[in-house]
Amino acid sequence: MSQFDRVFQALFGVFFTRHKTARHLRRRAILETFRSSANPKHDRAFRYVSRAMRRVAQDDVLEAIARLSSHEEGLTELEVEKYRKRFGPNTVDYEAAMPWWRHLWQCYRNPFNVLLSVLALLSGLTHDLRATIVIGTMVLLSTLIRFVQEGRSNQAAERLKNMVSTTASVLRRPSMNDEIVGIGRKYFGVNLHLDSDTRHIEVPISELVPGDHVVLSAGDMIPADCRLLTAKDLFVSQAAMTGEALPVEKFSALDQPFETVFDAANLVFMGTNVVSGSAVALVVATGRQTYFGTLSERLGMQDRNPTAFQAGVNGVSWLLIRFALIMAPVVLLINGFTKGSWVEAAVFALSVAVGLTPEMLPMIVTSTLAKGAVALSRKKVIVKHLDAIQNFGAMDVLCTDKTGTLTQDRIALERHTDVLGQSSDDVLRYAYLNSAYQTGLKNLLDHAVLQHVELQHELVNAQGYTKVDEVPFDFERKRMSVIVEGGSGERTLICKGALEEILSACTHLRLSKQAESTALDQEMLERVRSVAADLNRQGLRVVAVAIREDLGEQSVFGVADEAGLTLLGYMAFLDPPKESTAPALKALASHGVAVKVLTGDTELVALQVCRQVGLEHCRYLLGVQIEKMNDETLAHAVERHQLFARLTPAHKDRIVGALRANGHVVGFMGDGINDAPALRAADVGISVDTGVDIAKEAADIILLEKSLMVLEQGVLEGRRTFVNMLKYIRMTASSNFGNVFSVLIGSAFLPFLPMLPLQLLVQNLLYDISQIALPFDNVDRDLVAKPLKWDPKDVGRFMLFFGPLSSIFDIATYVLLWWVFGANDSAHQALFQSGWFVEGLLTQTLIVHMIRSPKLPFLQSTASLPLIVTTAVIIAVALFLPMSPLAGYFGFEALPGTFYPWLIVIVLGYAVLTTVMKRFYARRFGWV
């Protein structure tokens, strides 16, 4: 889902439902939402924008340009610099950077820290200052580490986002003219009139200012709130602003009165996008002064709905919190009745609740995701939203376009033939004129035509032609036309596009050796299709070229004029597969990711490419067949087919939706205008830096290198990130669960507390510190071999299997200390508590290495150096603390030397039993 969709669906989700409410009522509702705001500052900003847009909509073109202090041929660099200082950059903080104090509050505000704070307060009320200090230290440590990690993560994310370029085409006049005119007026008292030689340049969207003239074409995001100066068959998708499912046609003139600014036919708004057609627009408002800017500022204080990944983490968190809330009262009651001191029992129960709280979980999640994003950036994968990493790893179906993804991003013009397959220079010449004069989005086919003609100078005879008009491309017609006038005054419509769509508009055809046209009867139609199919079977992509010459003096053209055409022939393009495609598809398949090809190309060309990249026996489904299927039929069809051809954007959207409805985690990779709906519909949208604006905006992940090998590396990194997060959750849950049983048994049978509240808190704090390095741990290759999904039930099951194991050895330690070392009364409770403290912390810390992998630790699978170091340090602290100068402060007593051989036996026994259980669990349930 794109950033724009997230912002607007948060506020206008109701508008995205399908109902029959009139369009103007939905738009009025948007205005009413603003008017009912409790923030007067936002109301004033909105009213200011509304008045400004209304005024400029009612102006004619020259008045609008004058109102913005602009020029008919655009601004100069000097004017742009002046306006930029006045209006600021054209940026909107979709997720406005929070001040440090608010970020700190956000890092603190999670269920674990709130619970710990309540426990610290209760400890203070019971005059247990030391417990309050330890709990406060745990909260402070969790909050500060998360604060620092998120700060670094946000800075890294901003640096990564800056690597993705988004530009706008603008008209600018050279600044030198302004300087000369100024000198003439100042020193000579005359006004000089110079030819401006307007430049058509690409600039970052952030550098646009009010008064700029922006050139728009299919696939462009509208970069600011604008007034149209010219428009040709312009259709704009306003779904992000109004919820309208269908694109709206826009014009340069105001043809009728309007109720809301969204009804104005000559206004376009930041956050919407061009579906088809072309236009030149005057920038009226930029950045925070736009409608989108006022909306994003208003929504900046609102929380987003949690993603599936966040919901999974929250589910585990609340599972552990509920467990703590149930067990703490049980511990309180047992100790209250058996020990007689309810105050002491209450403090101990609070300490147990703290021990059950995985307060480092938010920090671990943030650190792991941030590390994954940085690691992916080294592989030329830019993560726009950190949570997308988990979906990346969980992805089990990848839907991808064919051109430029499976194939090389350099299409070559292989042949130019007449309708019977004979070479034809006329077809090449007309195709060149069509590609050279169109102002819309030039695709790879256009570039191939232009580059090919540049190598054959005898064919470049466009000097005698001037452009009259054009009919832009759209994905319904799948063709586009330009109208040119030759040196002798005759006008010709040249149409280029998909074969079937061109044939539907043709009535005649012309052979290269004939001057006269021949009627396109059924026999000729079959021959035409046979020639095109033969080219397709050779792996060539066919584009048809047709003309119409009976145009007279007509100067304005539309789709209706694409009729009665004469078919000239074909342009056949070669788009060979990349050398890396076949091994990449094989690698993805080995990692459990099924690849499905979704293309608008013909099935013959797509099948040839699929065979070349190793997809030998893939079944295909056509767009026309999909249109006849209901959702249930399509749900079965998407599982059986690997290739989908002749698709429209709506078809791609439906296919992705059907796969998701079947329970798959779906990734979609695309870079074109027609890919935007599917990018939004997928669990993880993937685009490339060279893609059109709307595709990059809709994507969650952007590749700086358009290669499936890069994608495969990204999938593995996403899975490594998931595994490291799962390690902490599993280890914490099982360890805490086992400790509770040990506490319950000790509380029931011992005449004193099995461990002082302060000791229990210190043990938990040291254990948390040992886990800080988990995000940087190594991950076994076997664990990332298949897609990984969140399963809260698995966490509960893992807790039940491994938690009680630690209790067995805790009880063994109880018996050892009670019977062997005589710690069996209140006078010797310090010895008992010290022994269990050491054993408990050692087993908790070492278990990290035991269950971080299903393999044997240190022999078959070794942890990363940072994790080894942190766990070694904590073990050393655990062994040293009872004999340190601080022992008395914490209520410890030095352990006798004979205790340590027993300790080694207990720890080794725990390791062996855990290994046996680990093997059983992995065989029965799998490890991840």
Side-chain angles (χ1 to χ4, degrees), residues 232-233 235 249 276-278 416-422 424-440 445-446 449 462 464-533 542-572 602 624 646 648:
K232 178 64 178 177
D233 297 324
F235 284 85
E249 188 169 11
S276 63
S278 58
H416 41 92
T417 73
D418 66 6
V419 293
L420 298 181
Q422 304 298 315
S424 171
D425 288 343
D426 277 347
V427 172
L428 178 59
R429 181 165 61 90
Y430 281 115
Y432 169 78
L433 291 170
N434 179 285
S435 295
Y437 281 121
Q438 69 152 308
T439 58
L445 305 181
D446 293 308
V449 171
Y465 289 93
T466 57
K467 178 181 175 181
V468 177
D469 201 1
E470 73 176 291
V471 184
F473 178 87
D474 65 57
F475 290 97
E476 295 298 323
R477 293 168 29 250
K478 293 186 179 179
R479 59 179 185 252
M480 70 84 51
S481 302
V482 297
I483 297 86
V484 296
E485 183 175 287
S488 57
E490 75 282 2
R491 295 185 174 182
T492 305
L493 182 149
I494 308 170
C495 188
K496 178 172 97 277
L499 176 63
E500 291 300 326
E501 281 68 19
I502 292 288
L503 288 177
S504 67
C506 288
T507 56
H508 293 77
L509 56 81
R510 183 183 300 170
L511 301 178
S512 58
K513 296 181 180 179
Q514 297 178 350
E516 298 296 325
S517 299
T518 302
L520 184 61
D521 56 21
Q522 189 61 35
E523 181 182 352
M524 271 297 184
L525 191 61
E526 293 301 323
R527 293 184 64 184
V528 164
R529 286 177 171 148
S530 175
V531 172
V542 174
V543 172
V545 179
I547 63 171
R548 178 181 167 189
E549 297 175 312
D550 56 336
L551 301 179
E553 297 299 318
Q554 183 178 348
S555 57
V556 178
F557 296 83
V559 174
D561 295 298
E562 294 177 333
L565 304 183
T566 298
L567 180 68
L568 296 183
Y570 322 109
M571 308 292 290
T602 65
V624 291
R646 298 182 186 264
T648 66

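To the nearest 0.5 Å, the span separating CZ on R479 from CD on E501 amounts to 7.5 Å. Residue L525 holds its CG atom at 9.5 Å from CG of L567, rounded to the nearest 0.5 Å. To the nearest 0.5 Å, the span separating CD1 on I494 from CG on L433 amounts to 4.5 Å. Interatomic distance, Q438 CD to S481 OG, rounded to the nearest 0.5 Å: 10.5 Å. Interatomic distance, CG of L420 versus OH of Y570, reported as 7.5 Å (0.5 Å rounding). Rounding to the nearest 0.5 angstrom, the gap separating the OG atom in S504 from the NZ atom in K478 is 11.5 Å.
For A533, the side chain to side chain contact (heavy atoms under 4.5 Å, CB included) partners at least two apart in sequence or on another chain are R537, L604. Evaluation of the side-chain hydrogen bond (donor to acceptor under 3.5 Å, both in side chains) rule for E249 yields no partner, not counting sequence neighbours. With sequence neighbours excluded, the residues forming a side chain to side chain contact (heavy atoms under 4.5 Å, CB included) with Q554 are F557, D561, listed by chain and number. Under the salt bridge (Lys or Arg N to Asp or Glu O under 4.0 Å) criterion, E549 pairs with R510, not counting sequence neighbours. Every residue meeting the side chain to side chain contact (heavy atoms under 4.5 Å, CB included) condition with E526, not counting sequence neighbours, appears here in chain and number order: Q522, R529.
Salt bridge annotation for K232-E470: absent, with no cationic side-chain nitrogen under 4.0 angstrom from a carboxylate oxygen.
No side-chain heavy atom of M571 sits less than 4.5 Å from a side-chain heavy atom of V542. No side-chain heavy atom of H416 sits under 4.5 Å from any side-chain heavy atom of V545. Contact annotation: the side chain of L509 approaches that of M524 to within less than 4.5 Å [non-hydrogen atoms, C-beta and beyond]. Counting heavy atoms from C-beta outward, C495 and L565 have side chains that approach closer than 4.5 Å. Looking only at side-chain heavy atoms (C-beta outward), N434 and K496 come within less than 4.5 Å of each other. You'll find the side chain of E500 reaches within 4.5 Å of the side chain of R646, heavy atoms only. Side chains of V484 and T466 form no contact here, defined as non-hydrogen atoms less than 4.5 Å apart. Side-chain contact check for I502 versus C506: some heavy-atom pair is nearer than 4.5 Å.
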Open item on the list: Assess the residue pair I547 and L568 against the criterion (side-chain contact (heavy atoms from CB on, under 4.5 Å)); give the C-alpha distance rounded to whole Å, side-chain angles, the decisive distance to 0.1 Å, and a yes or no.
Closed with: CA-CA 7 Å; I547 63 171; L568 296 183; 3.6 Å; yes

Original post:
Should T492 and R548 be marked as a side-chain contact (heavy atoms from CB on, under 4.5 Å) after you check the CA-CA gap, both sets of side-chain angles, and the distance that decides it?
Top reply: CA-CA 6 Å; T492 305; R548 178 181 167 189; over 6 Å; no

Does the side-chain hydrogen bond (donor to acceptor under 3.5 Å, both in side chains) test come out yes or no for D446 and S435, once each step is laid out? CA-CA 5 Å; D446 293 308; S435 295; 2.8 Å; yes

Assess whether side-chain hydrogen bond (donor to acceptor under 3.5 Å, both in side chains) is satisfied between Q422 and T417, documenting all intermediate values. CA-CA 5 Å; Q422 304 298 315; T417 73; over 6 Å; no

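Put simply, the side chain of R477 gets close to the backbone of P472: a donor and an acceptor are under 3.5 Å apart. Judged by distance alone, the side chain of Y437 and the main-chain N or O of D469 form no donor-acceptor pair under 3.5 Å.
Heavy atoms only, all atoms of each residue included: L499 and A532 are closest at CD2-CB, 3.3 Å. In this structure, T566 and S517 approach most closely via the heavy-atom pair CG2-OG, 3.5 Å.
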